Amino acid sequence: MATPIWRSFPCKIAELRLDRTLACGQSFRWKEHSPGIWTGVIGCAVWQFKQTDSHLWYRVHKDVGHSKITNIKMEADSNGVIENKTPVKSVKRKSGKRHGGTQNVETVKIKEELTCGIKEEVTSDIKTTNDRLDSVKDKFSNSSNDDERVLIDYFQLHVQLEDLYKEWAKVDKHFETISKDFSGIRMLRQNPVECLFSFICSSNNHISRISSMVEKLALHFGDQINLPYCVEGREFYTFPKVSALAADGVEEKLRDLGFGYRAKYIQKSACYIVDNGDENWLFKLKDMEYIEAKTHLMKLCGVGAKVADCVLLMCLDQPGSIPVDTHVWQIAARDYIPKLNHAKSLTDKLYNEIGDYFRELWGPYAGWAHSVLFTADLRQFRNNELSNDKKGAKRKKYNSEESDVKVKVKAKKKKSL
DNA sequence: TACACACCTTG
DNA sequence: AAGGTGTGT
């Protein structure tokens, strides 16, 4: 069977920068194996992306089914809504059909609170997108049309990123400065299962180790994606179902795999989810208000405020959610809220204050704006900034401006050790 | 409420 | 150290 052809979708590079969006630590399974070509797994297929100034190019490598029964099941689960309508257990599957795709495109939800003009823009843009989809419907087969829907959904291309950048720049001079060199950073709409367990792994970790842990989860508990040809000279696996992570002995196996204390978090959380409606428990959080969904998430072992906010922002349709990690705390203290420099630690109260401050400043999509500044501060993207002379000077300035108080606190910490 | 500290590994 | 969380004071 031949490799699928590349297809294009109109998308300005200012609306999406693959390199930044796929490597900024919101999703951990994308790799630039070949220069400019990003490869990863969405649902139970391998996807590849590349781009020009005006278009996003993509091709999809789909799992080859083994029987009609498997194919029917795949269809039933294709939008990620987990409902066991088919007697799955009776059929031993070789590859992961039940994991499902990403999210439900048909029900792109516009929350009432997303006003301030943004709601209108988003709504009208969705209409445009749908029109565009309708117009190409006849040209392509159904499957390529479905692929396009997955693509739009995954990258949330119905959201006009450039317009948001303009809004944020208008109300925030610091954002205006930084964002000039960091365009095209947008939130993905990830699968909640993968997103949740990835961020349970994230505590006290670097992106590189998180990535290797997530890959291990897929390798050991997911299903191999069967392709009739080789892609990038490697194998690909679906992200595991929650039930696979709740099975007996998972914690021990994860410890052997080097997950450390997170091994327990993963199995305990998986068990909780399985006992409370399985993956549907997770999907239902999308229909809740921010606070309610967050409260539910934080019942999970290993999920505190920060991980909960990551999950809410990156897969549960809460664009105003602001995950405050140590890094964001420092950005806030350095560039926005000087009084934070007097704080000893990030208490619950301060955590909420920081989130509220940014929501007040940036509006309903504050979480998206936060990720632009977060990415700009990542070590791997610093070169990006240093390549611009003016910005190189700026960076130095910020570093030297780290407050005396904070330095003292750090020194104190060292002493006490 | 606000800290302090342990927790597992590895890039 | 590294993009935290759970527990105890």
Side-chain angles (χ1 to χ4, degrees), chain A residues 20-29 31 185 187-188 190 195-217 220 250-270 272 294-315 321-334 339-340 342-355 358 367 370-382 405-406 408-417:
Chain A
R20 293 169 188 156
T21 299
L22 297 179
C24 69
Q26 54 176 319
S27 175
F28 301 93
R29 299 190 69 195
K31 296 274 184 291
I185 298 167
M187 283 295 119
L188 301 171
Q190 297 183 246
C195 187
L196 171 65
F197 288 97
S198 295
F199 280 96
I200 287 178
C201 292
S202 76
S203 73
N204 246 311
N205 260 159
H206 303 88
I207 289 180
S208 63
R209 183 149 90 114
I210 301 167
S211 302
S212 85
M213 289 167 96
V214 173
E215 211 46 56
K216 280 179 188 169
L217 286 179
H220 293 274
V250 167
E251 179 184 344
E252 197 188 359
K253 190 169 176 187
L254 288 174
R255 279 198 178 265
D256 290 343
L257 289 169
F259 280 64
Y261 61 85
R262 303 164 202 85
K264 186 172 74 178
Y265 293 169
I266 289 169
Q267 188 175 25
K268 277 188 84 174
S269 289
Y272 182 93
K294 186 167 176 178
T295 306
H296 280 293
L297 276 174
M298 288 177 67
K299 289 177 184 166
L300 298 172
C301 190
V303 179
K306 191 268 177 181
V307 169
D309 274 319
C310 286
V311 176
L312 287 161
L313 173 64
M314 299 170 192
C315 66
S321 176
I322 309 257
V324 183
D325 54 29
T326 55
H327 214 147
V328 171
W329 180 33
Q330 302 222 29
I331 293 172
R334 187 189 65 199
K339 76 159 189 177
L340 290 178
H342 301 283
K344 263 190 174 175
S345 66
L346 183 57
T347 61
D348 290 352
K349 196 180 163 202
L350 285 182
Y351 184 102
N352 290 324
E353 273 182 37
I354 293 170
F358 284 130
H370 130 282
S371 115
V372 175
L373 296 190
F374 177 84
T375 304
D377 252 40
L378 282 178
R379 179 173 289 280
Q380 64 189 116
F381 289 105
R382 293 278 176 86
V405 182
K406 198 126 208 171
K408 275 177 196 163
V409 171
K410 278 182 183 169
K412 220 177 188 180
K413 276 183 182 170
K414 269 192 180 172
K415 248 191 217 172
S416 68
L417 286 178

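Lettering follows sequence order; numbering is per chain, from 1. The model shown is predicted, which means the values in this text are computed figures rather than measured ones.
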Proximity to the side chain of [X] - top-ranked nucleotide from [options]:
{"X": "A:N204", "options": "C:dA2, C:dG3, B:dC3", "value": "C:dA2"}
{"X": "A:F199", "options": "C:dT5, B:dC7, C:dG3", "value": "C:dG3"}
{"X": "A:H206", "options": "C:dA2, C:dG4, B:dC3", "value": "C:dA2"}
{"X": "A:K344", "options": "B:dC8, B:dA4, C:dG3", "value": "B:dA4"}

Worksheet entry | Main-chain N/O of A:V214 paired with A:R29 side-chain donor or acceptor, under 3.5 Å | no
Worksheet item: So, the side chain of A:Q267 versus the backbone of A:E251: is there a donor-acceptor pair under 3.5 Å, distance only?
Response: yes
Under 4.0 Å, counting only non-hydrogen atoms across every strand here, what does [X] touch: a base, just sugar-phosphate, or nothing?
{"X": "A:I210", "result": "nothing"}
{"X": "A:C310", "result": "base"}
{"X": "A:V328", "result": "nothing"}

Fill in: 5' priority, DNA chain C, between A:M298 and A:H370 [closest heavy atom]
A:H370
Worksheet item: Which comes earlier along DNA chain C counting from the 5' end, the contact point of A:G25 or that of A:C301, where each point is its nearest nucleotide?
Response: A:G25
Item to complete: Could you check A:I322, A:I185, A:V328 and say which one makes a side-chain contact (heavy atoms from CB on, under 4.5 Å) with A:S371?
Response: A:I185
Worksheet item: Is A:R262 side chain donor-acceptor paired with the B:dC7 base, going by distance under 3.5 Å alone?
Response: no
Item to complete: Indicate whether OP1 or OP2 belonging to C:dA2 is found under 4.0 Å from a side-chain N or O atom of A:R209.
Response: no
Practice prompt. Identify the nucleotide, in any strand shown, that forms a Watson-Crick or G-U wobble pair with C:dG3, with both distances under 3.5 Å; if there is none, say none.
Written response: none
